[in-house]
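What you see is a predicted model; the values in this text were computed from it and never measured.
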Amino acid sequence: MVKPLGPVCNLDCAYCFYLSKERLLETDSKWRMSDEVLEKFIRQYIEGQNYKEVVFSWQGGEPTLLGLDFFRKVVELEKKYAPSWVRCENDLQTNGTLLDDEWCAFLAENNFVVGLSLDGPKELHDHYRVYKDGRGTFDDVFRAAGLLSKHKVRFATLSCVNRITGQHPLEVYRFLRDEVGPERMQFIPIVEPKIFRETAPQRWPDFLVPDMDEPRARPGRPESVVEDWCVDPDDYGDFLIAVFDEWRKNDIGRHFVTFFESAVAQWMGHISPLCIFGPICGKGVAIEHDGSVYSCDHYVYPEYRLGSIHDEPIDRMVLSERQEAFGYAKDSSLPGQCRRCDYLFACAGECPKNRFIRTPEGERGLNYLCSGLKRYFRHIDPHVQKIIRDMGHEPVEGVV
């Protein structure tokens, strides 16, 4: 995952976990990936692959602030370094506010897949997603969705399920389905402890790790350890359940939701294509604008810096003992409550960055979203089994 402009963005979304990196990361360079770093990264990344398809993921901050010429150079460098038998693919995560016809024509011509950040209809989207001056961004983002459709750019919506949107699942889903029309939808839970700006995951002090049933483990309370804009765990479970039921009754095979596709794969015995539900992590490293490499997009803190592409190749950092230990820690750090759970195969403890709750037995490492996720998995279980049987397959025995 490439952060070619670091945390720089033209928006000031209340729940953004990356804007604070501008204060946290020490850098002697401007917040812009130089031509030297860009070329070195593309060359190393292609050389480190052994498959016919190489996927580049461009994120931010807001990467479109770099301008079209930057991404024209990206395409040129990919052609320069990719062997004839290798196909380079690109995906771009954007807030969409800077997209115009020229941008969309370029994205279509070069087969970029776009992730468009859109939280729902105007009154929900604009609650947290605002410009620096406080103006809502919905009108510009909705316009961008229309331009992407006009130019036939493949795009998915990335919708953040926060304290507000988490209470309006069908309003969000039906709006995206009926008025936006993305290729697929992603629903990302917004979860951050109040100390996330300066404290890295797994570095939380003991006194800030609440029990799962404590008021401190819920948003919107003065004593809460999480930000007020975080989704409530049970609201998140109810959100997924409501959207799943709507999708199951009306939209299977017509509209695609990544979480539900993942569930079908897992109930068939496959590993989730989503890192949060995979048994290990550590493959999704992040590279910053200055060439620094970090263990994960959500672990861009000094403690998780693996090195720099100026000093050693990316593949050596990704395959290092340190990064391997980071990846396997996802499984080895699971508390007993997770290991005994019927839905461990589907959840895998979710993302480690969210594991800052204590179990009733006093063990650290329980996921903040546990109660909602368990409710969701229990609800979808019989329906996913039926979907699989309707496909002519059998669910894997003993998955629950």
Can a side-chain donor-acceptor contact be found between [Y] and [X] if the only test is distance below 3.5 angstrom?
X      : Y      : result
Arg216 : Ser224 : no
Glu350 : Asn367 : yes
Ser34  : Glu36  : no
Asp119 : Tyr15  : yes
Asp140 : Thr137 : no
Gln202 : Tyr299 : yes
Ser262 : Gln266 : yes
Trp58  : Asp91  : no
Asp290 : Trp31  : no
Arg203 : Tyr304 : yes

Checklist entry - Looking at His125, Gln93, Gln186, which hits side-chain contact (heavy atoms from CB on, under 4.5 Å) with Ser117? => result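 Answer after filtering His125, Gln93, Gln186: Gln93.
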SB check [X] [Y] (cutoff 4.0 Å):
X      : Y      : result
Lys150 : Asp101 : yes
Glu227 : Arg197 : yes
Glu89  : Arg87  : yes
Arg135 : Asp126 : no
Lys152 : Glu109 : no
Lys80  : Glu39  : yes
Arg43  : Glu47  : yes

Looking only at the aromatic ring of each residue, does the gap between the centers of [Y] and [X] stay below 6.0 angstrom?
X      : Y      : result
Trp247 : Tyr173 : no
Phe112 : Phe106 : yes
Tyr45  : Phe56  : yes
Phe259 : Phe277 : yes

Residue pairs fulfilling salt bridge (charged side-chain N to carboxylate O under 4.0 Å, His left out) with at least one residue in [range], sequence neighbours excluded:
range            : value
residues 186-196 : Glu192-Lys353
residues 243-267 : Arg174-Glu246, Arg177-Glu246, Arg177-Asp251, Arg184-Glu261, Asp245-Arg248, Asp251-Arg254
residues 367-378 : Asp234-Arg375, Asp238-Arg375

Checklist entry - Sequence neighbours excluded, which residues qualify as salt bridge (Lys or Arg N to Asp or Glu O under 4.0 Å) partners of Arg364? => result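 Scan of Arg364 (salt bridge (Lys or Arg N to Asp or Glu O under 4.0 Å), adjacent residues dropped) gives Asp206.
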Checklist entry - How far does CZ of Phe41 sit from CD1 of Ile314, to the nearest 0.5 angstrom? => result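 Reported value, rounded in 0.5 Å steps: 5.0 Å.
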Checklist entry - side chain to side chain contact (heavy atoms under 4.5 Å, CB included) with Met1: which residues, sequence neighbours excluded? => result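 Listed in chain order: Lys3, Gln59, Asp297.
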What pairs of donor and acceptor atoms, side-chain ones from residues 153-161 against any protein atom, are under 3.5 angstrom apart with sequence neighbours left out?
from, atom 1, to, atom 2, distance (Å)
Arg154, NE, Glu183, OE1, 3.2
Arg154, NH2, Glu183, OE2, 3.3
Ser159, OG, Leu118, O, 2.6

Checklist entry - Does any non-hydrogen side-chain atom of Val293 lie less than 4.5 Å from one of Ile309? => result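 Ile309 vs Val293: side chains touch.
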